[in-house]
2 protein chains.
Amino acid sequence: MPRAGLDAASVVACAAAVADEVGFAELSMGLVAERLGVRTPSLYKHVDGLADLNRRIAVLALNELGDAVRDAIGGRSGSDALGAMARAIRDFVVKHPGRYAATVGMPGGDQADPLDVAGARVITSMAAVLHGYDIAPQDLNHALRTLRSLLHGFATLQAANGFQWDDDAEESFAWLVAFADRGLRRTGG
Amino acid sequence: MPRAGLDAASVVACAAAVADEVGFAELSMGLVAERLGVRTPSLYKHVDGLADLNRRIAVLALNELGDAVRDAIGGRSGSDALGAMARAIRDFVVKHPGRYAATVGMPGGDQADPLDVAGARVITSMAAVLHGYDIAPQDLNHALRTLRSLLHGFATLQAANGFQWDDDAEESFAWLVAFADRGLRRTGG
DNA sequence: AGCCAAAAGCTAATCCGATTAGCCAGCCGT
DNA sequence: ACGGCTGGCTAATCGGATTAGCTTTTGGCT
């Protein structure tokens, strides 16, 4: 029996792909093992069970999302950066609904936890976008949380297909960006 | 052995309470049965398995949320209504994180599906709040989706304790409402 | 009051996915 | 070539969901 040549990274990558295809809720160790041409218990040599696998998928997703957002806002500012960021998130979630779903509701660890580190990168990019607006320093955290709520909710509804914006999705998306832009201006601070 | 006198409604109510206490992800048939002083298989006389139970919890939650929001915005309009609605949602989610979690990612059925009916009631209240703003008719749907994204994301992050707004939560909340209010004004329609 | 069918509980058994235990072969450095 | 570590496998365990089939209560009817 030849070795399959697996490691933690390849298992997680495969699991993320499976999650995107069948939905995060349907992800199972057996499905991943089958995809890798391996028996289920073999996975335990690389990841520490399903909970650990889920968390690693979340870390992968947040890192990928962080990269995508960083790249998207590079060289832009203001509403331009805001729109680019929103679009990057939207594209990511539409393309990878399973791995995005893995990130929601995942409890955080300490600051050194890879999950928190990856999450912090995304937040950092959001903060960078906010710097393009005239927001009082003491309001930055509030604005950050608000923007996070908007974009996260938007992403979650997209992932869950929560509403049928099949038809005029693009228009609604543009409206959302404009809404956020208005909301971030003249903050009264 | 005396009858326990259960019916679908009491089972769902109990399950919702359990979900609020232990978290939606930890909800199990066994936990609900134990709480009701009954053996697990007995529950199948009232609900059609765990998936059905989950869906019923979601229906219950959306109905309760719909009531809460309707009551909150009664007699108010504009930013006043907006703030009341946001607060109603927030209070509900903080008080009932488990049943709110049951609603996210629950696939919809047809229009007669109780879940869709309950969801539509919440949406109707949101639409009512929007009527207090000067939004062009063709933008109403976009505004609705946007507002839904913001409030849903906000609720989800609260339920998941996604960020530590333990400290100045109230201030951030007020900022979010003000942000939405600004975003809904002068829509350029 | 007594009878009967449906409903509601129960026990025992099954199924399935996660997880663990313990065995064995392939790969690496000497 | 040898020895140990690594990664894969089979077999077994565990736990929660679900099903099958039995029994008793309950409510309606005569």
Side-chain angles (χ1 to χ4, degrees), chain A residues 1-60 98-99 101-107 115, chain B residues 1-60 98-99 101-107 115:
Chain A
M1 68 189 89
R3 292 289 176 94
L6 301 180
D7 58 7
S10 56
V11 170
V12 172
C14 177
V18 171
D20 287 339
E21 289 173 32
V22 306
F24 180 64
E26 310 303 322
L27 184 66
S28 71
M29 298 293 275
L31 225 40
V32 176
E34 183 183 19
R35 177 76 63 100
L36 290 168
V38 132
R39 299 302 185 136
T40 304
S42 303
L43 299 182
Y44 288 78
K45 289 293 167 73
H46 305 292
V47 297
D48 194 16
L50 185 59
D52 177 49
L53 181 58
N54 288 346
R55 175 166 275 256
R56 285 167 184 263
I57 293 172
V59 172
L60 172 66
R99 65 191 80 189
T103 68
V104 334
M106 190 67 70
L115 184 70
Chain B
M1 65 191 90
R3 290 287 176 95
L6 301 180
D7 58 6
S10 56
V11 170
V12 172
C14 176
V18 171
D20 287 338
E21 289 174 30
V22 306
F24 180 64
E26 310 304 322
L27 183 65
S28 71
M29 297 293 275
L31 225 40
V32 176
E34 184 184 19
R35 177 77 63 98
L36 289 169
V38 129
R39 300 302 186 137
T40 304
S42 304
L43 298 182
Y44 288 79
K45 289 294 165 78
H46 305 292
V47 297
D48 195 16
L50 185 59
D52 178 49
L53 180 59
N54 287 346
R55 173 165 277 255
R56 285 166 184 263
I57 293 172
V59 172
L60 172 67
R99 65 190 81 187
T103 69
V104 333
M106 189 67 70
L115 183 70

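Convention: sequence-line order gives letters A, B, ...; per-chain numbering from 1.
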Using whole Å, what does the distance between atom [atom2] of nucleotide [N] and atom [atom1] of [X] come to?
{"X": "B/Glu34", "N": "C/dG9", "atom1": "CD", "atom2": "P", "value": "17 Å"}
{"X": "A/Leu36", "N": "D/dG8", "atom1": "CG", "atom2": "P", "value": "9 Å"}
{"X": "A/Leu6", "N": "D/dG7", "atom1": "CG", "atom2": "P", "value": "9 Å"}
{"X": "A/Leu31", "N": "C/dA18", "atom1": "CG", "atom2": "P", "value": "9 Å"}
{"X": "A/Asp52", "N": "C/dT20", "atom1": "CG", "atom2": "P", "value": "12 Å"}
{"X": "B/Asp48", "N": "D/dT19", "atom1": "CG", "atom2": "C1'", "value": "12 Å"}
{"X": "A/Leu50", "N": "C/dT20", "atom1": "CG", "atom2": "P", "value": "12 Å"}
{"X": "A/Lys45", "N": "C/dG22", "atom1": "NZ", "atom2": "C1'", "value": "10 Å"}

Exercise for the section: For D/dT6, take OP1 and OP2 only and decide whether either is under 4.0 Å from a side-chain N or O of A/His46. Expected result: no
Completion exercise
All heavy atoms of A/Ala33 vs all of A/Arg39, minimum pair found to be CB-C, 3.8 Å
Completion exercise
What one should report as the nearest heavy-atom pair of B/Ala101 and B/Phe24 is CB-CB, 3.7 Å
Looking only at side-chain atoms of [X], point me to the closest of [options].
{"X": "A/Tyr44", "options": "C/dT19, D/dA17, D/dG8", "value": "C/dT19"}
{"X": "B/Ser28", "options": "D/dG16, C/dT11, C/dA18", "value": "D/dG16"}
{"X": "B/Val38", "options": "C/dG9, D/dA11, D/dA20", "value": "C/dG9"}

Handout entry: Whether over 12 other heavy atoms sit under 6.0 Å from B/Glu21 CD
Key = yes
Exercise for the section: Would you mind telling me which of B/Val38, B/Leu36, B/Leu6 makes a side chain to side chain contact (heavy atoms under 4.5 Å, CB included) with B/Cys14? Expected result: B/Leu36
Exercise for the section: Could you check whether A/Ser42 gets within reach of a base, just the sugar-phosphate, or nothing at all, counting any heavy atom under 4.0 Å? Expected result: base
